[in-house]
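A, B, ... follow the sequence lines: proteins, then strands. Residue 1 opens every chain. As the structure is a computational prediction, the values presented were derived from the model and not from experiment.
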2 protein chains.
Amino acid sequence: MAAPQPKYDVFQAIADPTRRQLLSLLSEQEMPVTVISDHFPMSRTAVSKHLRILAEAGLVKDRKVGRETRYRLESEPLQELKRWLSYYERFWDNKLSMLKHYVESDSTEEAERYGKLEVMKPSHHNE
Amino acid sequence: MAAPQPKYDVFQAIADPTRRQLLSLLSEQEMPVTVISDHFPMSRTAVSKHLRILAEAGLVKDRKVGRETRYRLESEPLQELKRWLSYYERFWDNKLSMLKHYVESDSTEEAERYGKLEVMKPSHHNE
DNA sequence: AAAATATGAAACCATTTGGTTTCACTTTAG
DNA sequence: CTAAAGTGAAACCAAATGGTTTCATATTTT
């Protein structure tokens with residue numbers, strides 16, 4: 001029953017430099033593992049494992065062609081990242097709201113300041 | 001001499017769910033560690049370590065106020081993430097260029113296909 | 001059919017990561 | 001001055017991570 005929820009999310013998937021390079025490489029064209037691993041200083045198996053992690057995060061898809069398995073980029077999951085990021089953009093894009101934020105937090109009284117906030121409610125941008 | 005290059009970059013820093021929640025919380029206002037850790041199910045020390053990692057990535061700044069150290073969000077480093085992401089946006093925003101990409105990679109001959117590419121040149125989006 | 005190619009799975013390993021508890025230090029409050 | 005509050009650093013730990021080597025299996029090639 002329980003959905004076999006993926007072990008790796010987009011954030012974790014792109015945290016590794018090698019995996020970001022893999023995405024970059026695959027964005028150019030579809031490729032089988034052997035060819036891909038020629039571009040990296042590690043074993044084919046290691047590359048294969050990184051690909052599996054990317055696949056779990058939905059960032060790459062594969063298809064069998066004869067005896068090879070070709071991997072290709074699937075950028076759609078990156079939209080989650082964009083969405084997460086959009087929340088923070090206001091802090092550098094909108095000077096006005098940023099200033100407002102700053103002034104407010106500095107003009108409040110010491111006691112009770114933090115307790116009044118409604119924080120950590122898992123909403124769109126928390127995770 | 002050698003710049004003590006930070007151990008954590010933005011990608012790694014935001015890979016952890018707890019750290020993303022920290023950014024979310026701090027985006028509301030500046031806070032001392034003790035108050036922050038009240039919002040998490042782990043020890044103050046653990047939160048403190050996450051904050052240090054975020055600080056290494058430049059995502060939070062702190063300032064001493066009496067005996068407390070207040071942390072605040074510093075969103076600027078997230079621009080690197082936005083920049084990285086912008087490269088991939090074309091794969092979902094621009095249906096035309098995506099299609100072009102797909103057609104090209106599928107119409108080429110088997111042999112020599114991969115060798116012709118100029119890949120992995122560490123450029124703006126590789127890492 | 002036999003040899004070569006392409007790949008995933010498994011078993012191992014060293015290092016990193018995310019947490020904990022304990023201790024020392026500084027700054028405020030009584 | 002003494003106690004309490006706020007923190008960071010250190011020592012420890014179990015689990016996760018990123019690699020490796022070896023082995024089994026499926027598909028081509030000759």
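- Between B:Tyr8 atom OH and D:dT17 atom P there is a gap of 13 Å when expressed in whole angstrom units.
- When atom types are taken as modelled, the side chain of B:Tyr71 and the backbone of B:Ile36 share no donor-acceptor pair closer than 3.5 angstrom.
- Between A:Lys61 and A:Glu74 there is no salt bridge, since none of the side-chain N atoms of the basic residue sits less than 4.0 Å from a carboxylate O of the acidic one.
- Within the 3.5 Å criterion, the main-chain N or O of B:Thr69 finds no donor-acceptor partner in the side chain of B:Arg63.
- Taking B:Arg52 as the reference, B:Glu56 meet the salt bridge (charged side-chain N to carboxylate O under 4.0 Å, His left out) condition, with sequence neighbours excluded.
- When the side-chain nitrogen and oxygen atoms of A:Arg19 are compared with OP1 and OP2 of D:dG18, one or more of them lie within a distance under 4.0 Å.
- A:Phe11 places its CZ atom 21 Å from the P atom of D:dA16, with the value rounded to the nearest Å.
- The nearest whole Å value for the distance from the CE atom in B:Met42 to the P atom in C:dT17 is 16 Å.
- Between A:His50 and D:dT17 there is no side-chain N or O to OP1 or OP2 distance below 4.0 Å.
- Nearest-nucleotide positions on DNA chain D place B:Arg52 closer to the 5' end than the other of A:Ala46 and B:Arg52.
- The CG-P distance, from A:Asp38 to C:dA6, rounds to 10 Å in whole Å.
- OP1 or OP2 of C:dT17 lies within a sub-4.0 Å distance of a side-chain N or O belonging to B:Gln12.
- Rounded to whole Å, the distance from CD on A:Glu68 to P on C:dT5 is 14 Å.
- Regarding contacts with the backbone of C:dT7, a side-chain N or O of A:Thr34 is found under 4.0 angstrom from either OP1 or OP2.
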Short heteroatom pairs, N/O only, protein and nucleotides 22-24 of chain C, under 3.5 Å:
none

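- Look at CD on A:Glu56: it is 14 Å from C1' on C:dG8, rounded to the nearest Å.
- Out of C:dG8, D:dT7, D:dG18, the shortest distance to the side chain of A:Ile53 is found at D:dG18.
- Within the 4.0 Å cut-off from OP1 or OP2 of C:dC25, not a single side-chain nitrogen or oxygen of B:Arg67 is found.
- When the side-chain nitrogen and oxygen atoms of A:Tyr71 are compared with OP1 and OP2 of C:dG8, one or more of them lie within a distance under 4.0 Å.
- Of the side-chain N and O atoms in A:Ser43, none sit less than 4.0 angstrom from OP1 or OP2 of D:dG19.
- Nucleotide C:dT7 holds its P atom 13 Å from the CZ atom of A:Arg63, rounded to whole Å.
- Per the geometry, CG belonging to A:Asp9 stands 10 Å off P belonging to D:dT17, to the nearest Å.
- Nearest-nucleotide positions on DNA chain D for A:Lys64 and A:Asp16 put A:Asp16 closer to the 5' end.
- By the side chain to side chain contact (heavy atoms under 4.5 Å, CB included) test, A:Arg67 is found to be paired with no residue, residues two or more places apart in sequence or in another chain being considered.
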Would you please test A:Tyr87 and B:Ser27 for side chain to side chain donor-acceptor pair (under 3.5 Å) and show each step?
-> CA-CA 10 Å; A:Tyr87 171 77; B:Ser27 77; 2.8 Å; yes

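- For B:Lys49 against C:dG19, a side-chain N or O and a base N or O form a donor-acceptor pair under 3.5 Å.
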